[in-house]
Amino acid sequence: MRQFTLRVEESGEGLVCITSPEIKSLFVADETLAGALEAVPSVVKALMREEGRGTLPGEEAAE
């Protein structure tokens, strides 16, 4: 399973923003920390598929 870092910051507009230095295109914003964290797995899956990496963290490559 591949691991990556999440950076959590609160914006001046009261939003919780999540980014990752390893997944440059990851950006999630929500009004609550729980909401932002809940969205991360589906956003990461979508980005990985979009970028054509084939496998997702924790998934085996199809043979």
Side-chain angles (χ1 to χ4, degrees):
M1 178 186 299
R2 201 165 77 187
Q3 297 182 359
F4 55 92
T5 304
L6 293 179
R7 291 186 179 154
V8 180
E9 300 178 29
E10 189 170 353
S11 74
E13 290 82 41
L15 293 175
V16 176
C17 302
I18 298 178
T19 59
S20 173
E22 293 88 3
I23 305 174
K24 302 292 184 196
S25 54
L26 176 67
F27 179 83
V28 175
D30 196 273
E31 293 177 347
T32 67
L33 177 59
L37 288 172
E38 185 177 315
V40 169
S42 61
V43 172
V44 169
K45 285 180 184 179
L47 289 172
M48 298 291 268
R49 287 191 179 112
E50 183 178 298
E51 292 177 8
R53 295 186 183 174
T55 61
L56 306 174
E59 289 185 352
E60 296 297 321
E63 292 184 25

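Note that this is a predicted model, so its numbers are computed, not measured.
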* **Taking every non-hydrogen atom, the tightest pair across L37 and I18** => CD2-CD1, 3.6 Å
* Quick one: do I23 and F27 end up in the same hydrophobic cluster if we chain Ile, Leu, Val, Met, Phe, Trp and Tyr together by side-chain heavy atoms under 4.5 Å apart? -> no
* Would V44 end up clustered with V16 when hydrophobic side chains under 4.5 Å apart are linked, directly or stepwise? -> yes
* Structure fact -> Closest non-hydrogen atoms of V28 and V40, given as atom of the first, atom of the second and distance, are CG2-CG2, 4.2 Å
* F4 reachable from L47 in the ILVMFWY side-chain graph, under 4.5 Å edges -> yes
* Asked: Between R7 and P21, is any pair of side-chain heavy atoms under 4.5 Å apart?
  -> yes
* To do: Answer with yes or no whether the hydrophobic clustering places L15 together with L33; edges join I, L, V, M, F, W, Y residues whose side-chain heavy atoms lie under 4.5 Å apart.
  => no
* **Main-chain N/O of T5 paired with E22 side-chain donor or acceptor, under 3.5 Å** => yes
* Asked: L26 versus L6: any side-chain heavy-atom pair under 4.5 Å?
  -> yes
